[in-house]
Amino acid sequence: MQNPLPPLGWLRTFEAAARHLSFTGAARDLNMTQSAVSQQIKSLEGYLGQPLFHRRPRALELTEAGITYLPVVREAFRTLVRGTRAVTGDQQNTVQVQSNITFAVNWLGPRLPAFRALHPEVQLNIFTELWEPREMAEGAAVEIRYSLRPADTVRTELLRTDHYYPVCAPDFAVTLDDLHMQPLYDCSNLLSNWASWAEDQGLPWSNPPITYATTYMVSLSVAMAGGGLCLAHDTIARGLIAEGRLIAPFEHRVPMPEAYYLLLSPQAKETPGAVAFANWIRAEIAAEATD
């Protein structure tokens with residue numbers, strides 16, 4: 001009798017491709033080639049007898065079958081994760097944390113020694129994303145997401161709002177009058193951008209050329225190297241300013257439409273390590289708000 005289930009590897013590949021809506025993104029996550037991902041998806045589609053993706057020129061799009069099958073596959077993996085933890089019995093203090101890479105490097109990383117000092121029993125595994133994910137990664141218990149407003153698919157709470165403003169190296173000479181002639185850098189696809197900052201500042205903006213990257217890490221690195229100015233906000237720039245690696249040359253700050261949210265998976269409340277980490281994040285953010 002034919003096995004009623006396709007190979008587990010094909011299902012993992014499908015979940016990754018659906019999460020990224022990209023075979024390339026799935027290949028990166030799974031340490032596979034793009035062609036291997038494509039072949040496994042074709043094999044799974046052949047097994048199921050119907051396509052799971054529409055192959056568009058620039059992106060993938062789930063078919064109706066793919067939309068129906070995806071939550072089933074994800075829940076199956078979550079069940080496996082929970083069952084494995086129950087069997088091993090030693091995973092209650094191992095916490096999968098998901099975050100965008102800039103927050104992880106500029107805010108979370110410098111504070112991890114303090115968390116470890118408070119909770120040496122908790123083992124963190126940190127996964128980083130460039131773009132806002134469509135939902136929490138498989139197995140993740142806690143996520144810090146930078147977003148306009150996450151979908152209410154899991155428990156979500158607002159962590160902090162912020163203000164955005166230009167930053168540059170301490171010795172970079174700039175005034176408001178010549179700002180539009182300077183090299184400008186930014187993170188792409190955000191409402192907290194140069195045009196909105198300049199409009200709020202009341203500048204006669206002349207639509208200067210701006211170099212965009214998919215992460216604040218690139219624009220911050222250029223600014224620290226003295227190559228121009230980038231937009232930033234306190235959550236990612238406060239430590240760099242305190243270290244003297246960046247300055248905010250202008251006083252004007254604009255409230256961000258985006259904000260930071262804390263997302264907790266359904267199993268997080270049953271994991272002591274996840275509860276400890278979430279409480280610590282809340283306390284750290286609250287302490288900064290009173291500084």
Side-chain angles (χ1 to χ4, degrees), residues 74-75 77-163 216-217 232-243 255-291:
R74 283 179 169 160
E75 183 55 35
F77 279 124
R78 292 187 184 109
T79 300
L80 282 171
V81 169
R82 290 192 294 268
T84 301
R85 286 174 177 166
V87 170
T88 58
D90 61 354
Q91 300 297 312
Q92 290 301 297
N93 287 316
T94 298
V95 183
Q96 313 293 333
V97 178
Q98 184 174 345
S99 165
N100 72 69
I101 191 168
T102 304
F103 181 89
V105 171
N106 291 76
W107 192 94
L108 182 57
R111 291 166 176 77
L112 284 181
F115 176 77
R116 183 172 178 80
L118 288 172
H119 299 282
E121 77 285 358
V122 178
Q123 174 67 48
L124 299 179
N125 294 328
I126 300 171
F127 300 90
T128 57
E129 296 278 352
L130 284 178
W131 292 101
E132 178 190 347
R134 292 176 178 269
E135 61 179 76
M136 295 183 72
E138 171 198 334
V142 181
E143 181 189 340
I144 301 94
R145 186 176 296 185
Y146 179 60
S147 174
L148 282 174
R149 181 68 172 90
D152 294 326
T153 55
V154 295
R155 177 183 168 188
T156 303
E157 62 184 84
L158 177 67
L159 265 183
R160 74 182 299 170
T161 56
D162 220 331
H163 291 73
Y216 275 117
M217 291 300 298
H233 48 273
D234 277 338
T235 302
I236 62 173
R238 186 177 187 178
L240 298 172
I241 292 173
E243 293 170 5
M256 291 194 312
E258 296 87 1
Y260 285 91
Y261 294 88
L262 182 68
L263 282 67
L264 301 176
S265 70
Q267 67 268 25
K269 64 181 181 180
E270 303 170 5
T271 307
V275 173
F277 182 75
N279 286 339
W280 175 78
I281 286 281
R282 296 184 186 101
E284 287 290 305
I285 294 291
E288 283 193 349
T290 61
D291 286 351

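All heavy atoms count here, side chains included; hydrogens, waters and symmetry mates do not.
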Looking at [atom1] of [X] and [atom2] of [Y], how far apart are the two atoms once the value is rounded to the nearest 0.5 Å?
X	Y	atom1	atom2	value
R145	L159	CZ	CG	12.5 Å
E258	S147	CD	OG	8.0 Å
I144	F277	CD1	CZ	4.5 Å
R238	E243	CZ	CD	13.0 Å

How far apart are the closest heavy atoms of [X] and [Y], and which atoms are they?
X	Y	value
A141	A274	CB-CB, 4.0 Å
T128	A104	CG2-CB, 3.8 Å
H163	P255	CD2-N, 3.4 Å
G273	V95	C-CG2, 3.2 Å

Determine whether [X] and [Y] make a side-chain contact, defined as any pair of heavy atoms from C-beta on separated by less than 4.5 Å.
X	Y	value
L108	F115	no
V142	L264	yes
Y261	L158	yes
W107	I285	yes

With sequence neighbours excluded, residues passing salt bridge (Lys or Arg N to Asp or Glu O under 4.0 Å) with [X]:
X	value
E121	none
R282	E157
E75	R78, R82

Using the side-chain hydrogen bond (donor to acceptor under 3.5 Å, both in side chains) criterion, which residues pair with D162? Sequence neighbours excluded.
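Checked D162 against side-chain hydrogen bond (donor to acceptor under 3.5 Å, both in side chains); matches are T235.
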Between N106 and M217, does a side-chain contact (heavy atoms from CB on, under 4.5 Å) hold up when you go through it step by step?
CA-CA 9 Å; N106 291 76; M217 291 300 298; 3.1 Å; yes
Applying side-chain contact (heavy atoms from CB on, under 4.5 Å), can you list everything that pairs with A276, at least two apart in sequence or on another chain?
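Applying side-chain contact (heavy atoms from CB on, under 4.5 Å) to A276 gives H119.
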Non-neighbouring partners of L118 that pass side-chain contact (heavy atoms from CB on, under 4.5 Å), sequence neighbours left out:
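Applying side-chain contact (heavy atoms from CB on, under 4.5 Å) to L118 gives W280.
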In terms of relative ring orientation, are H233 and Y260 parallel, tilted or perpendicular, with 30° and 60° separating the classes?
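If you compare the ring of H233 with that of Y260, the planes turn out tilted.
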